[in-house]
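The structure appears right after this line, and notes come after that.
Per chain, numbering begins at 1; letters A, B, ... match sequence-line order.
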Number of protein chains: 4
Amino acid sequence: MSDSQRGRTRSESTRQAILEATRDELAASGYDKLSIDRIATAAGAGKQTVYRWYRSKSELVAECILEGYVPSKTAVVADSGEVRGDLRAWLRGFADHLAQTENAALIRACTAAAAESDEVAAKFYERVTAANEAALTARLDGAVRLGQLRADTSTAAVAEALIGAMLYRLLVRQAPTDEFINGLLDTVFNGIDASSVPGVGR
Amino acid sequence: MSDSQRGRTRSESTRQAILEATRDELAASGYDKLSIDRIATAAGAGKQTVYRWYRSKSELVAECILEGYVPSKTAVVADSGEVRGDLRAWLRGFADHLAQTENAALIRACTAAAAESDEVAAKFYERVTAANEAALTARLDGAVRLGQLRADTSTAAVAEALIGAMLYRLLVRQAPTDEFINGLLDTVFNGIDASSVPGVGR
Amino acid sequence: MSDSQRGRTRSESTRQAILEATRDELAASGYDKLSIDRIATAAGAGKQTVYRWYRSKSELVAECILEGYVPSKTAVVADSGEVRGDLRAWLRGFADHLAQTENAALIRACTAAAAESDEVAAKFYERVTAANEAALTARLDGAVRLGQLRADTSTAAVAEALIGAMLYRLLVRQAPTDEFINGLLDTVFNGIDASSVPGVGR
Amino acid sequence: MSDSQRGRTRSESTRQAILEATRDELAASGYDKLSIDRIATAAGAGKQTVYRWYRSKSELVAECILEGYVPSKTAVVADSGEVRGDLRAWLRGFADHLAQTENAALIRACTAAAAESDEVAAKFYERVTAANEAALTARLDGAVRLGQLRADTSTAAVAEALIGAMLYRLLVRQAPTDEFINGLLDTVFNGIDASSVPGVGR
DNA sequence: AGGTAATCGAGACGGTACGTCCAGTCTTTGT
DNA sequence: ACAAAGACTGGACGTACCGTCTCGATTACCT
């Protein structure tokens, strides 16, 4: 076979160390104060090695997200039978996660990175939306099958509205209070149209 | 009074030129590649003059947003009597605005800036959410009064869900299609709870 | 007049500090291990300031030579009436100067710099040869006028032979001993041609 | 026997290729821009192979000189019976050699290398002075024996004065003209002392 | 009208980080 | 064991900006 190994094999453990150092820097300093020098030093690596793996700051951050060094944290939505309560619990779990300053800083840094780079944006979408939407979809679809939710529910719309609202709150430094979460759930579950009020329209 | 004017008066027109140059740079290069040097040169100003008005990069960007050099574009929601149609029109208008690459780049840059700086975040919230929420509230409250919408509608929740979803789409480079907008409106207007289906539950 | 001062005036004292730091580095580390970073730090200057004054390492070294931070040390040849003794004293003075390791390192570094760069070579010639040749010429011409030396003496040839021999010795790490100096003077004063032996040929 | 051959034998032809590549780089780029990477690539060798033969850049250059890849060019001084003419021819041959830019660059690079490294200086002396002095000595001694030159001629002094003067000219980029060479020979053959003028001093 | 003082464009200052290049070492597969 | 290939740490390169400071040259108010 022609693709035999030539030269020293690239050190996977160094790569891990770089990603970990990046995550720490990201949480500590934010995206645009990231210093490749500092990351390399913290990882015990040469600067060139960082650049060998990742061609730019944004690619590095993107990989950091994708490899899960920035946890999306919210892989599954519990299933207690009561779908609204499950979603509330999930959103509160998300809110609790963001209540940790370090986590908040990390995700904000990723947001900044995604805003600056198409590449990071793609990874961000892939990791954050896809994962969360999958989790939500799994739970919502079950509820739809049981007749607890409308058959025409657009999972994608619900997922993006919820995630979007949470990230927006994170961005503008408004902690997502229980009140806010309840308002969100009321809107999404009940709808706002007058005809959607149970017992009305009969 | 003691704060009488001494020395040369600060040139308001230079300040305008700085803000305009900042907006252009922001759209062209994004937040973390902003260069005060370039801004000053483009504005025909000295660097010191920039710093005399704004103490830092983030303060400059914040002011840029607040002064409306970054337009929120969506000051009012039309009132045709049909509230759902009005919201659809408003969201489509927003989507059209973002379809212009320059506008999209500009708002993404502001997003990045807000992610990096509490100060910018505050101004961003003040300008973007407040303005849009006010516009939505004005329209929604009218509809509530006419009995077209539920009395318990949480305007804030609706506004943040809609804005959040739109910004999230911007962030992850998914253009907000009509389909997406319709899904969003269906969710928000109809709700997803099975009991919210009109004519069901009888 | 149109050449009015624009911007802050360049700091002459910083320039001096840079040249001094360069000389120290040159003596300590030699030419190709010169580090602009270290020079800047030692001079308490930013790297950019070094590059503002001198576009390259070689230009910096050249200026260092020309400004006399690398002393040619041998400005004048004494005049005791006895020209051969005066030259011997001058050569011994040169040898003593080179016996100091720091001085030797410094001149060797300049030699290396001159070898690598036309620009430095020009300055080196201007400063070292010109100065020494002038000193030698002044002394030799006097002796010629007094009839102590041949009228057809080529000062330039003598100067370059002496300086060349001394620098060559420095280069190959052969200390210029008294024996060597005497051999040199014998050759130059007496000549090697058999017909130049006094009292021979009769 | 204990020094039996173990493993693959070191390739002499690779070593030659390395030295040739070094000479080419030296002539093209000078000493301090030498790149081991480039040399290895040009020689079709691995970097480690270079370091297996030569422990450092300066040792490599030193060896390059010693192996004659940097030609001293002037192995013998012709013997036509007329010693002054022979020396003139030899010096002119040297001058012609240096007139080739590539040769000049090569020797200047070696000079720089010698200035920076004791090791290279030793090899330089060994190869350049020793070889030339031997050539000059062979010729001068013959002339002394024939009574053409003074019996007390210091060959070493003559050799170093001539070589030193030529190298100094190379260093300061002053081509050694016929005029210069003649001045040098006049000085060395005739001497400068008034008493050395033939027919005078009686 | 003349003095005083803050502002202006310009650009040098000490620094920090960039992304590239190279030195010298280490590791892998192949000969 | 040596060879080519190439990844490794470490460190210097020359450039670009940062935010501050210093120029001479404007304005403007205040005697």
Return yes if some donor-acceptor pair links the side-chain N/O of [X] with the main-chain N/O of [Y] below 3.5 Å, else return no.
X	Y	answer
Arg173(D)	Glu119(C)	no
Glu59(B)	Val61(B)	no
Arg10(B)	Arg52(B)	yes

Indicate, with a heavy-atom threshold strictly under 4.0 Å, whether [X] touches base, sugar-phosphate, or nothing.
X	answer
Lys47(D)	base
Ile39(D)	nothing
Ala40(C)	nothing

[X] has a side chain; which of [options] sits nearest to it?
X	options	result
Arg10(B)	dT7(E), dA7(F), dC23(F)	dT7(E)
Arg8(A)	dC13(F), dA28(F), dA7(F)	dA7(F)
Gln48(C)	dA10(E), dA5(F), dG15(E)	dG15(E)
Thr14(C)	dG14(E), dT25(E), dA12(F)	dG14(E)
Ser11(A)	dG14(F), dC8(F), dT7(E)	dC8(F)
Arg6(C)	dG24(E), dA10(E), dA4(F)	dA10(E)
Asp37(A)	dA23(E), dG9(E), dA17(E)	dA17(E)
Tyr51(A)	dC18(E), dC17(F), dG24(E)	dC18(E)
Thr49(A)	dC8(F), dT25(E), dT20(F)	dC8(F)

I'd like to know if [X] and [Y] make a salt bridge, using a cut-off of under 4.0 Å between side-chain N and carboxylate O.
X	Y	answer
Glu63(B)	Lys123(B)	yes
Glu20(A)	Arg23(A)	no
Glu116(C)	Lys57(C)	no

Could you state the atom-to-atom distance from [atom1] of [X] to [atom2] of [N] in whole Å?
X	N	atom1	atom2	result
Ile36(B)	dT20(F)	CD1	P	11 Å
Leu60(B)	dC18(F)	CG	P	11 Å
Tyr54(C)	dC13(F)	OH	P	17 Å
Arg55(D)	dG24(E)	CZ	P	12 Å
Arg52(B)	dC21(F)	CZ	P	13 Å
Glu59(B)	dC18(F)	CD	C1'	16 Å
Asp32(A)	dC17(F)	CG	C1'	13 Å
Ile18(A)	dC8(F)	CD1	C1'	11 Å

query: What heavy-atom pair brings Ala114(B) and Ala121(B) nearest, and what distance separates the two atoms?
result: O-CB, 3.7 Å
- request: Indicate the atoms forming the closest heavy-atom contact of Tyr31(A) with Ser58(A), along with that distance.
  value: OH-CB, 3.5 Å
field: Five-pair end axes of the helix from dA1(E)-dT31(F) to dT31(E)-dA1(F), angle between them (10°)
entry: 20°
statement: Per side-chain contact (heavy atoms from CB on, under 4.5 Å), Leu19(A) is matched among Thr14(A), Leu66(A), Leu60(A), Ile65(A) by Leu60(A)
message: Among Gln16(A), Arg15(A), Arg127(A), exactly one meets side chain to side chain donor-acceptor pair (under 3.5 Å) together with Glu67(A). Which residue is that?
response: Arg15(A)
task: For the residue pair Ile107(A) and Thr111(A), establish whether any side-chain heavy-atom pair is separated by less than 4.5 Å.
output: yes
- prompt: Pick the nucleotide of DNA chain E nearest each of Leu34(A) and Ala43(B); which residue has the one closer to the 5' end?
  reply: Ala43(B)
message: At less than 4.0 Å, is any side-chain N or O atom of Ser35(A) found next to OP1 or OP2 of dC18(E)? Yes or no.
response: yes
- line: Of Glu12(A) and Ser56(C), the one whose closest nucleotide on DNA chain F sits nearer the 5' end is Glu12(A)
- prompt: Looking at residues 108-124 of chain C, who's got a heavy atom less than 4.0 Å off DNA chain E?
  reply: none
